[in-house]
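When a ligand or atom number is given, it counts from 1 through the structure's own listing order. The figures that follow rest on heavy atoms only: side chains count, while hydrogens, waters and symmetry mates do not. Here the structure is a predicted model, which is why all the values come from computation and not from measurement. Residue indices begin at 1 and follow the sequence shown.
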Amino acid sequence: MVRAEIAVTGVVQGVGFRPFIYRLANKHGLAGFVRNMGDAGVQVIVEGEEKGVEKFIDSLRPEQPPLARIDEVKTTWKDATNEFTIFQVVPSETTGLGLSSVVPPDLALCDDCLREMLDPSDRRYNYPFITCVNCGPRFTIIEELPYDRPRTSMKAFPLCTNCLHEYQDPPDRRYHAEPTCCPVCGPRMELYDRDGHRIDVADPFCETARLLDEGNIVVIKGIGGIHIASKTTDDEVLARLRKASNRPQQPFAIMSKNLETIRTFAEVNEAEAELLTSYRRPILVLKRSPNYMLSDLVAPGLDSVGVMLPYSGIHHLILRHGSDPAYVMTSANVPGLPMLVDNSEAMVKLRGAVDFFLLHDRLIVNRCDDSVVKLIDGKSAFLRRSRGYVPEPIKLSFRSERSVLAVGAELNVSASVLVGDRCFVSQYIGDTTKVETLEYMQAAAERLMRLLNLKSVDVVAHDLHPNYATTRVASRMAKELGAKTFAAQHHHAHLCSLMAEHGLEKLVGIAADGVGYGSDGTIWGGEVMVAGLSSFERVGGLMSQRMPGGDLATRFPARMVAGILWQHLGREELERVLEEFCASGFKRGKRETNIVLRQLERDLNVFRTSSCGRVLDAVACLLGICDERTYEGEPAIKLEAAASKGITREVKLEPVIKKVDGMKIVDTSQLLADILSALRARVPRRHIAAAAQRAIARGLASIAIDTASSRGVGVVGGSGGVFYNWAITAAVRKEIEKAGLQFVQHELLPPGDGGISTGQAVVAARQHD
Ligand SMILES: [Zn+2]
Ligand SMILES: [Zn+2]
Ligand SMILES: [Zn+2]
């Protein structure tokens with residue numbers, strides 16, 4: 001007889017791991033126990049015949065539950081004490097094993113639970129909070145480790161006799177399923193009218209579907225947050241929803257009841273179908289199909305649509321009664337502020353804007369927006385990495401001696417905690433120019449640290465920009481934690497997050513986005529760098545351009561057109577061009593045009609930027625595609641949509657590369673001037689749009705290729721928001737691979753600023769090591 005003391009780490013709590021161990025131990029005739037530990041790991045002690053114990057250990061990995069992920073199994077062999085007669089699941093321990101593990105993300109409702117929920121003879125018929133060890137909320141309900149019901153928001157709902165019986169019955173699917181409940185003991189859903197009066201209905205889900213189909217706007221509390229819902233086939237309702245939510249153009253995410261229905265309005269390939277139906281259930285950005293029949297107001301001016309499938313019982317129960325092919329399911333928030341999670345706050349903040357509220361009484365502990373993914377070349381490009389993914393870590397290729405907390409840049413922020421050889425990325429936080437969002441970031445970072453059992457960190461990393469709110473919060477948090485601070489350059493951080501994903505130490509990187517503070521105090525955003533994990537060298541990129549009026553040039557891209565063409569055309573010629581092609585972009589007419597030209601003449605209030613985003617915005621404006629940005633990336637996203645129908649060879653646009661101060665620079669003024677000539681030659685705009693994107697991609701790629709060959713680097717990578725653009729990414733990849741180099745792009749982290757915090761953490765760790 002032998003005794004094995006086994007520590008298992010990875011994603012092993014909240015995934016049916018203890019029931020699995022229980023069954024496995026019994027199968028091999030072993031006695032002992034299994035328990036959850038305070039650091040999200042699991043401890044198993046077994047005694048029995050040596051052969052049985054060995055078989056037990058050998059079966060752990062191959063037979064682990066589908067949602068578990070074992071990182072490490074540490075076994076200590078001892079002599080048997082014969083203290084056990086049976087195998088048991090014993091109460092959790094608050095102390096840890098000293099190894100890093102993590103709770104799982106929220107999991108979509110499983111097929112077994114869905115079947116039971118729709119079975120009139122089941123005691124959980126029509127009950128949306130049905131769950132088992134294989135599905136349901138995890139991250140969003142957990143307060144502390146170890147993951148047990150008393151440390152989740154389910155503590156407010158003591159188990160009834162029936163549920164307790166299942167919870168304690170080893171063969172049952174709900175054995176130790178922490179959030180399990182039923183209509184008798186669990187949370188409840190109620191429908192309220194616009195004034196907050198409860199409406200008494202037999203089936204609130206059926207009623208909600210009816211209200212939606214009638215054209216009402218309904219607020220629906222889900223798992224990790226609150227949505228605003230409406231039908232998708234009615235322009236009038238959508239116009240009302242746009243006005244009520246103060247989102248004139250921003251695409252709305254929609255939810256459809258099944259894959260077949262999605263296929264009636266969008267194109268779904270095999271990889272997309274797999275991701276849509278996976279337990280992660282992200283919003284997937286899909287190409288609209290030719291017979292798209294939803295309102296254009298779902299995603300104005302785009303050729304794509306963001307769709308997800310139901311992931312909670314609530315959504316299943318509503319959608320099965322609805323007759324619309326899809327429903328808007330957009331995060332309920334005041335633009336720029338975090339998604340609402342609290343019932344009374346939702347009632348107050350959304351009063352007057354919506355018609356009904358469908359709410360439940362379970363607290364949302366950790367707010368978690370829906371994830372948004374676009375598949376580019378079959379690889380996941382995260383627009384938002386949140387529900388279904390968080391808090392899964394990124395495994396690093398090195399082990400850091402120091403722990404780092406990183407707070408991101410300004411927009412689309414996430415926080416990251418790097419410890420050992422893993423980097424844990426928080427849920428999507430958002431725009432930190434608002435104080436509420438900033439507080440949310442801090443709370444999310446602290447919660448993440450608590451879930452990792454970290455009392456403090458050695459370093460707090462932030463952006464190089466001195467005036468970002470996140471920079472100020474970082475120094476305050478560092479003081480409180482007794483940690484050092486570290487400033488990471490924005491585009492270097494982008495490339496480090498990419499290297500971290502791919503286990504690389506060095507690459508030639510193209511970092512292309514909207515805005516990032518450069519080491520020289522100007523705004524960067526179209527950079528080619530030779531980057532390692534602790535340092536970088538900027539070797540080239542896009543030409544530095546004038547931004548008349550600073551941030552105004554971001555909102556109104558006609559100003560960028562003026563700034564970029566300023567050097568190339570004389571004042572009079574430029575005035576004529578702006579009048580002919582961009583008149584609608586100057587909202588105050590000729591007076592504004594004159595102010596802008598005067599600013600350029602005197603170089604007053606004119607900033608400098610090498611941003612790729614601003615060039616794409618200017619192209620979109622010059623082509624008459626978009627003259628005002630109402631959401632992040634709007635002109636560039638609409639340019640991409642227009643270009644998707646264009647043919648690049650219909651117009652000759654070649655990137656012109658110059659040498660300026662020892663750097664290789666793509667002359668974007670020349671590019672815009674060439675676009676102007678094509679416009680005057682009456683080339684269809686869609687062709688110009690496609691050729692312009694390709695020229696920018698080829699310009700950046702050619703600098704990267706030259707650099708890679710002169711420095712002897714074999715890998716070129718692309719990071720930054722511009723790499724959400726399918727055509728640009730494909731064109732860069734093609735050039736790089738044609739040159740015999742390897743091209744890498746993001747698959748686990750967002751190419752945009754949601755990936756910045758991980759890069760910051762990595763640079764900070766490497767510089768301090
Ligand atoms: Zn289930
Ligand atoms: Zn119950
Ligand atoms: Zn960026």
Q: May I ask you to check whether Phe382 and Tyr389 place their ring centres under 6.0 Å from each other?
A: yes
Q) Taking the six-membered ring where the residue is Trp, are the ring centres of His316 and Phe205 under 6.0 Å apart? A) no
Q.
Working to 10°, measure the angle at the Zn ion (ligand 2) formed by atom SG of Cys163 and atom SG of Cys160.
A. 110°
(Q) At a threshold of 2.8 Å, where the distance has to be below it, does the Zn ion (ligand 2) have an N, O or S atom of Cys181 nearby? (A) no
Q: Indicate yes or no: does Glu274 engage Arg280 in a salt bridge with an N to O separation below 4.0 Å.
A: no
Q) Would a distance-only check, ignoring hydrogens and angles, find a side-chain to backbone donor-acceptor pair under 3.5 Å from Ser371 to Arg387? A) yes
Q) If you look at Asp753, which of its N/O/S atoms is nearest to the Zn ion (ligand 3)? A) OD1
Q: Please work out the angle at the Zn ion (ligand 3) defined by atom NE2 of His494 on one side and atom OD2 of Asp513 on the other, rounded to 10°.
A: 100°
Q. Strictly by modelled atom types, are Glu527 and Ser610 linked by a side-chain donor-acceptor pair under 3.5 Å?
A. yes
Q. Do you see an N/O/S atom of His490, backbone or side chain, under 2.8 Å from the Zn ion (ligand 3)?
A. yes
